[in-house]
Trainee: 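One structure, pasted below without further comment.
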Amino acid sequence: MASDIRLLVGLGNPGPKYAANRHNIGAMVLDELASRAGTSFTVGPGGRILLAAARLGFLPGGAPGPRVILAKPQSYMNVSGGPVRAAADYYGVEADNVIVVHDDLDLPLGVVRLKKGGGEGGHNGLRDISKALETKDYLRVRCGIGRPPGRMPAADYVLRDFSTFQGPTVDQQIDRAADAVHAIVLEGLEPAQLVFHTPPTEP
């Protein structure tokens, strides 16, 4: 039976070796959401995913916002689908209530874009989730990390840490992506897109 819970997934590779990699910005956004909600992650069913229950934001009148499950797969990126499907099944979450936060080579660093469905853009984590959920029609929060410099292979680029110089931009991007997740959950995809796809007005 379907539930009204949203499953919020932050992609990345497990362990401290990868924690600050470009590929792990999705997991970084989930850490920010957990911090805002005052919750912490525990090992979920099967041991291959970290989960945290929360209420996201507030409804008109000050009532707690919708129920969400924050999820960080602890399998490697390329096999994220199994843990995500297991969590969705456990909580009865349909694909259109799954929101996946991930890195995106096709967007500049600092840019956040939102969409539902469509292609995976060569992202193996998304491809595996689409296969496991048997649909591409889940929501995505795309966090730009830019293209690799020169002839550096993309696989090497995504597994390197952000530079110290990039740190402030990454921090702002994590905040913006977390805000975008809030907006999708509280207001829906299209209203959130109007906000996060519109360039800020110059003062």
Side-chain angles (χ1 to χ4, degrees), residues 5-54 56 68-91 93 95 97-105 107 109 112 120-134 136 138-146 148 152-164 166-167 170-171 173-178 180-181:
I5 298 174
R6 277 75 161 184
L7 179 65
L8 314 181
V9 180
L11 293 187
N13 287 309
K17 175 182 177 181
Y18 301 101
N21 286 179
R22 294 181 175 93
H23 224 12
N24 274 50
I25 194 168
M28 297 175 199
V29 174
L30 266 287
D31 288 337
E32 172 64 20
L33 288 168
S35 176
R36 291 183 183 189
T39 190
S40 57
F41 291 94
T42 58
V43 179
R48 295 197 302 155
I49 196 164
L50 298 179
L51 301 171
L56 207 64
V68 299
I69 300 296
L70 311 179
K72 295 194 297 181
Q74 296 299 286
S75 57
Y76 284 95
M77 176 73 83
N78 293 0
V79 286
S80 299
V84 172
R85 176 63 186 264
D89 287 348
Y90 183 81
Y91 291 102
V93 179
N97 275 337
V98 174
I99 303 172
V100 178
V101 188
H102 64 91
D103 59 303
D104 196 310
L105 287 163
L107 295 174
L109 180 67
V112 174
E120 293 93 358
H123 195 293
N124 290 329
L126 292 179
R127 184 179 293 114
D128 201 59
I129 290 172
S130 297
K131 180 180 177 181
L133 294 180
E134 301 178 4
K136 297 182 179 184
Y138 51 92
L139 298 158
R140 299 100 179 272
V141 176
R142 305 164 60 204
C143 299
I145 60 171
M152 180 187 293
D156 293 340
Y157 177 72
V158 299
L159 294 178
R160 293 190 180 185
D161 292 357
F162 292 103
S163 70
T164 301
Q166 292 171 327
V170 175
D171 290 343
Q173 184 173 22
I174 289 169
D175 280 340
R176 186 166 175 80
V181 173

Trainee: So, applying side chain to side chain contact (heavy atoms under 4.5 Å, CB included) with Asp103, which one of Arg22, Met77, Arg142 is it?
Mentor: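 So the option named by the test is Met77.
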Trainee: With no hydrogens and no angle check, is any side-chain donor or acceptor of Ser80 less than 3.5 Å from a backbone partner on Ile129?
Mentor: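 It does not hold such a pair.
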Trainee: If you round to the nearest 0.5 Å, how far is OG of Ser35 from CG of Leu30?
Mentor: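 Result: 12.0 Å between the selected atoms.
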Trainee: Roughly how far, to the nearest 0.5 Å, is the CG atom of Leu11 from the CG atom of Asn124?
Mentor: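 It is 11.0 Å, given to the nearest 0.5 Å.
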Trainee: Using a 4.5 Å cut-off on heavy atoms from C-beta on, say whether the side chain of Leu70 contacts that of Val9.
Mentor: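 No, too far: nothing below the 4.5 Å cut-off.
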Trainee: Please report the closest heavy-atom contact between Arg127 and Gly122, naming both atoms and the distance.
Mentor: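 For Arg127 and Gly122, the tightest heavy-atom pair comes out as NH2-CA, 3.6 Å.
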Trainee: Within a reach of under 6.0 Å around OH of Tyr157, are more than 12 heavy atoms found that belong to other residues, nucleotides or ligands?
Mentor: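 Yes, enclosed.
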Trainee: Leu50 versus Thr42: any side-chain heavy-atom pair under 4.5 Å?
Mentor: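 Sidechains of Thr42 and Leu50: no contact.
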Trainee: Apply ring pair (Phe, Tyr, Trp, His ring centres under 6.0 Å) to His123 and list each qualifying residue two or more places apart in sequence or on a separate chain.
Mentor: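 Expected list: His23, His102.
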Trainee: Atom CG in Leu109, atom SG in Cys143: separation rounded to 0.5 Å?
Mentor: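 One gets 10.0 Å once the value is rounded to the nearest 0.5 Å.
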Trainee: Can you tell which of Asp161, Leu159, Val158 makes a side chain to side chain contact (heavy atoms under 4.5 Å, CB included) with Tyr18?
Mentor: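 Single side chain to side chain contact (heavy atoms under 4.5 Å, CB included) partner of Tyr18 among Asp161, Leu159, Val158: Leu159.
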Trainee: Taking atom CE of Met28 and atom NZ of Lys72, what is their separation to the nearest 0.5 Å?
Mentor: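 Taking CE in Met28 and NZ in Lys72, the distance rounds to 10.0 Å.
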Trainee: Is any side-chain heavy atom of Arg48 closer than 4.5 Å to a side-chain heavy atom of Pro73?
Mentor: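 Arg48 vs Pro73: side chains apart.
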Trainee: Here's a test for you: under side chain to side chain contact (heavy atoms under 4.5 Å, CB included), which of Ile145, Asn24, Asp171, Asn21 qualifies with Phe162?
Mentor: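 The passing option is Ile145.
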Trainee: Please answer whether the main-chain N or O of Ala132 pairs with a side-chain N or O of Glu134 as donor and acceptor at a distance below 3.5 Å.
Mentor: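 Side chain of Glu134 to backbone of Ala132, a donor-acceptor pair under 3.5 Å: no, none is there.
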